[in-house]
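Following: one structure in structure tokens, then a few remarks.
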2 protein chains.
Amino acid sequence: MSNVQASIKQADQHCREHGVRLTDKRKQVLLSLLQSEKAMSAYELVDYYKAEFGESMPPMSVYRILDFLQEEHLVHKLNSTNKYVSCSHITCDHDHEITQFLICGECQSVKEININKSTIEALQNNIEEAGFHLVSPQLEMNCLCENCI
Amino acid sequence: MSNVQASIKQADQHCREHGVRLTDKRKQVLLSLLQSEKAMSAYELVDYYKAEFGESMPPMSVYRILDFLQEEHLVHKLNSTNKYVSCSHITCDHDHEITQFLICGECQSVKEININKSTIEALQNNIEEAGFHLVSPQLEMNCLCENCI
DNA sequence: GAATGATATGATACAACATATCATTTTAAA
DNA sequence: TTTAAAATGATATGTTGTATCATATCATTC
Ligand SMILES: [Zn+2]
Ligand SMILES: [Zn+2]
Ligand SMILES: [Zn+2]
Ligand SMILES: [Zn+2]
């Protein structure tokens, strides 16, 4: 079974366990993000969906489905680019922690990573010194990937 | 002289030295950001400008002026929120390094800080291990400020 | 000071991103 | 099979940002 198919299967399983449904439309949107292997905007997904599945899905539905997929931690939204990317931990067992995103400014590929706890703590200390309190360590960092360096 | 007036004066001086002009409109947009003491969207600035100066400025002009002010490092754009904030180092002599932004999710106040070089390096190491290269360490972090904790 | 070119701003249209609201369809449960 | 909840569709509108061409302002040269 391909990685994509394994992810879909696991996502389906995850949804069942959480008492929610991975409907066909939701599955297809998730599949689109998994296949494309990059971050896409809601409207890019509308186009991709049309090209891939032959029928069109209204933007409103795409947004709703993306909201659902985010709530289930199957998809993440990149706030800095207004794009959505499939979670790279769908097939993992562990609970989903808050992760960080490395975004290639050249080819738009995205890598979801966990930064060292000690580094996050150092960051947190810096922030506390400034009189603020870090709420969410979801960092989105402007990078270049291996291919684009 | 108030902090705001000192910043305007210094910004004007900076522009002269760089062979560009801090025109009245540009000065007024910068003044708006300095006075408001928080991050504002371009359209919020259109409204603020209208309320403050009695005449309206087209959004297109606001965007162009914000671009100009960014190039001169007098204003920063927060990519995660699509808002703009005046630089807190306008009255400093030193060159402007890339800074980090602590954004209060409650009251929208923003603090511009320099995170420890060692922490940034630790971050960079994490990123290199993931096969990416950090291009810009402008981090925008979701926080709570002292008043909102 | 008038002619000229460069810079700055205005006006209009439109593209891209996102939400509000009500209607219809599908699903699950009684 | 009726009913309620959940999911999706359709339509309108709000928000953010850019493209493009016109006009105004400023600086330089003659
Ligand atoms: Zn994830
Ligand atoms: Zn790349
Ligand atoms: Zn600054
Ligand atoms: Zn606050």
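FYI, side chains are in, hydrogens and waters are out, and symmetry mates aren't considered; it's all heavy atoms of this structure. So that the names make sense, note that chain A is the first sequence line, chain B the second, and so on, each numbered from 1. Just so it is clear, the structure is predicted and the values come from calculations on it, not from any experiment.
Spacing between atom OH of A:Tyr63 and atom C1' of D:dT11 amounts to 16 Å, rounded to whole angstrom units. B:Arg64 has its CZ atom 11 Å from the C1' atom of D:dT23, to the nearest Å. Separating the CZ atom of B:Arg16 from the P atom of D:dA27 is a distance of 10 Å, rounded to the nearest angstrom. Residue A:Met60 contributes atom CE, which lies 8 Å from atom C1' of C:dA20 at whole-angstrom precision. Rounded to a whole Å, the CD1 atom of A:Ile65 is 16 Å from the C1' atom of C:dT19. B:Phe68 places its CZ atom 7 Å from the P atom of C:dA8, with the value rounded to the nearest Å. Distance OH (B:Tyr84) to C1' (D:dT15): 13 Å, rounded to an integer number of Å. The distance between atom CD of A:Glu44 and atom C1' of C:dA16, rounded to the nearest whole Å, is 10 Å.
Here the two rings, on A:Phe101 and A:His76, have centers that are under 6.0 Å apart.
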A:Gln13 and A:Glu17: CA distance, side-chain angles, deciding distance, side-chain hydrogen bond (donor to acceptor under 3.5 Å, both in side chains) verdict: CA-CA 6 Å; A:Gln13 179 65 22; A:Glu17 287 168 4; 2.9 Å; yes
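The pair A:Lys117-A:Glu97 does not meet the salt-bridge criterion, since no charged nitrogen lies less than 4.0 angstrom from a carboxylate oxygen.
B:Ser88 and B:Glu112 form a side-chain donor-acceptor contact under 3.5 Å, judged by distance and modelled atom types alone.
Minimum atom distance to the side chain of B:Asn82 is reached by D:dG17, of the listed D:dG17, D:dG9, D:dC26. The nucleotide whose nearest atom lies closest to any side-chain atom of A:Arg26 is, among C:dT9, D:dT8, D:dA27, D:dT8. Nearest to the side chain of B:Arg21, among C:dG10, D:dC26, C:dA28, sits D:dC26. Listed candidates were D:dT18, D:dG17, C:dA18. Nearest to the side chain of B:Lys77 is D:dG17.
Ring geometry for A:Phe53 versus A:Tyr49: interplanar angle of 30 to 60°, hence tilted.
For D:dT15, neither phosphate oxygen OP1 nor OP2 lies less than 4.0 angstrom from any side-chain nitrogen or oxygen of B:Tyr43. Using a 4.0 Å cut-off, no side-chain N or O of B:Lys25 falls inside it from OP1 or OP2 of D:dT25.
Taking for each of B:Thr23 and B:Pro59 the nucleotide of DNA chain C with the nearest heavy atom, the 5'-most of the two is the partner of B:Thr23.
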